[in-house]
Amino acid sequence: MGRLYVFDHPLIQHKLTMIRDKDTTSKDFRELVDEVAMLMAYEVTRDMQLREVEIETPITTTKSKVLAGRMIGVVPIMRAGLGMVNGFLRLVPAAKVGHIGLYRDPETLKPVEYYCKLPVDAQERDLIVVDPMLATGGSASAAIEFIKQRGCKSIKLVNLIAAPEGIERVRADHPDVDIFVAAVDEKLNDHSYIVPGLGDAGDRLFGTK
Ligand code: PRP
Ligand code: URA
């Protein structure tokens with residue numbers, strides 16, 4: 001069973017409250033999502049491998065650590081996942097970015113793929129799928145499935161807000177994937193929106209409503 005990490009850091013919780021507020025403008029919403037993504041990235045990357053190297057400081061020779069092992073790929077689920085990419089890249093600038101285009105069909109509520117482009121060496125990277133919302137889990141589960149079909153094995157999922165239903169769905173479909181969230185909300189409403197949630201993340205990020 002994949003592990004679930006809920007980040008209760010005060011800065012993340014404070015910023016998430018502002019993100020949820022319906023009166024927060026698109027500009028502030030974008031900036032806050034970016035900041036929270038960066039704070040989450042710090043913890044999500046905690047297990048990156050290190051190796052020891054010898055360097056010279058202005059004072060002496062010493063042993064010190066640098067990143068080693070598998071590189072990272074950040075994979076936003078479009079559109080809303082795009083809002084979290086920069087936060088990750090600010091901490092891990094060498095990461096490559098893959099894109100998965102999915103939308104939730106408003107009638108069937110099922111995810112439809114319209115785009116997928118991953119880094120050429122995606123199979124050798126630790127992939128971090130990002131999307132602000134994990135509602136039914138249909139989009140995330142499908143995105144992870146598409147990535148696995150392309151031969152990728154090491155995958156994490158990072159969301160700002162998750163519904164219990166979405167967490168259960170991803171854990172059932174992909175027990176090998178760890179999930180990192182800033183909050184687990186109460187439930188889904190009749191339209192499969194997260195309650196209390198933040199509304200439509202894509203529309204709020206890009207001002208399309
Ligand atoms: C939203 C959100 C997730 C998905 C979550 O995207 O960003 O991708 O819904 O819902 P689910 O867990 O029930 O699948 P949406 O389909 O609205 O597309 P958008 O990002 O283009 O607005
Ligand atoms: N997608 C969103 O943007 N918000 C929700 O609450 C559910 C799905």
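Both counts, for ligands and for their atoms, begin at 1 and track the order of listing. Start at 1 with the first residue, then count along the sequence.
- The nearest heavy-atom contact from the protein to atom 11 (P) of ligand 1 is Thr136 OG1, 3.4 Å.
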(message) Please determine whether salt bridge (charged side-chain N to carboxylate O under 4.0 Å, His left out) holds for the pair Glu52 and Lys65, giving the CA-CA distance in whole Å, both sets of side-chain angles, and the decisive distance to 0.1 Å.
(response) CA-CA 4 Å; Glu52 208 165 62; Lys65 288 173 181 156; 5.3 Å; no

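- Ser192 contributes no side-chain N or O that, together with a main-chain N or O of Thr136, makes up a donor-acceptor pair within less than 3.5 Å.
- Considering backbone and side-chain N/O of Ser192, none are found under 3.5 Å from N/O of ligand 1.
- Side-chain atoms of His9 come within 3.5 Å of backbone N or O of Leu11 as a donor-acceptor pair.
- Closest to atom 5 (C) of ligand 1, if we only count protein heavy atoms, is Met133 O, 3.6 Å.
- Close approach of ligand 1 to Gly202 (heavy-atom distance below 4.0 Å) involves ligand atoms 22 (O).
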Below 3.5 Å only, please: the N or O atoms of ligand 2 paired with protein N or O atoms, distance on each line.
unit_1	atom_1	unit_2	atom_2	d
ligand 2	3 (O)	Ala201	N	2.8
ligand 2	4 (N)	Gly199	O	2.8
ligand 2	6 (O)	Ile194	N	2.8

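- Formation of a donor-acceptor pair under 3.5 Å by the His99 side chain with backbone atoms of Val75 is not found in this model.
- Close N/O approach between Asp203 and ligand 1 is not found [any backbone or side-chain N/O within under 3.5 Å].
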(message) Would Glu165 and Arg169 count as a salt bridge (charged side-chain N to carboxylate O under 4.0 Å, His left out) here? Give the steps.
(response) CA-CA 6 Å; Glu165 294 88 334; Arg169 169 76 188 270; over 6 Å; no

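- Nearest protein neighbour of atom 4 (C) of ligand 1, counting heavy atoms only, is Ser139 OG, 3.5 Å.
- No donor-acceptor pair closer than 3.5 Å links the side chain of Arg125 to the backbone N or O of Gly73.
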(request) Dump the intermediate steps for salt bridge (charged side-chain N to carboxylate O under 4.0 Å, His left out) on Glu168 and Arg171, then the final yes or no. (result) CA-CA 5 Å; Glu168 257 183 53; Arg171 287 179 124 182; over 6 Å; no

(message) Go through it in stages, so that I can follow the logic: the residues are Leu205 and Leu82, the test is side-chain contact (heavy atoms from CB on, under 4.5 Å), and I'd like the CA-CA distance, side-chain angles, deciding distance and then a yes or no.
(response) CA-CA 9 Å; Leu205 269 169; Leu82 293 172; over 6 Å; no

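- Of the protein's non-hydrogen atoms, the one nearest atom 10 (O) of ligand 1 is Ala135 CB, 3.6 Å.
- Regarding atom 17 (O) of ligand 1, its nearest protein heavy-atom neighbour is Asp200 OD2, 4.1 Å.
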(message) I'd like to know whether Lys156 forms a salt bridge (charged side-chain N to carboxylate O under 4.0 Å, His left out) with Asp178, so could you lay out the CA-CA distance, the side-chain angles of the two residues, the decisive distance to 0.1 Å, and finally the verdict.
(response) CA-CA 5 Å; Lys156 293 173 179 171; Asp178 289 343; over 6 Å; no

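- Distances shorter than 4.0 angstrom do not occur between any heavy atom of Ala140 and any atom of ligand 1.
- The two residues Val170 and Ser141 make their nearest non-hydrogen contact at CG2-N, 4.4 Å.
- Among all non-hydrogen protein atoms, the one lying nearest atom 22 (O) of ligand 1 is Arg79 NH2, 2.9 Å.
- Put simply, the side chain of Asp185 never gets that close to the backbone of Lys187: no donor and acceptor are under 3.5 Å apart.
- Annotation: Leu102 places no N or O atom under 3.5 Å from an N or O atom of ligand 1; distance criterion only.
- Considering backbone and side-chain N/O of Ile77, none are found under 3.5 Å from N/O of ligand 1.
- By the neighbour-count criterion of 12 heavy atoms within 6.0 Å, atom CD of Gln49 is sparsely surrounded, having that number or fewer from other residues, nucleotides or ligands.
- The residue from Gly137, Gly81, Ala162 that puts a heavy atom closest to atom 12 (O) of ligand 1 is Gly137.
- The residue from Leu134, Ile167, Val129, Val184 that alone fulfils the side-chain contact (heavy atoms from CB on, under 4.5 Å) condition with Asn159 is Leu134.
- Near Ala80, meaning under 4.0 Å from one of its heavy atoms, ligand 1 places the atoms 7 (O), 20 (O).
- Of the possible polar contacts, one joining the Asp200 side chain to the Asp203 backbone as a donor-acceptor pair under 3.5 Å is found.
- Of the protein's heavy atoms, Asp131 OD1, 2.8 Å lies nearest to atom 7 (O) of ligand 1.
- For atom 16 (O) of ligand 1, the closest non-hydrogen atom of the protein is Arg104 N, 3.0 Å.
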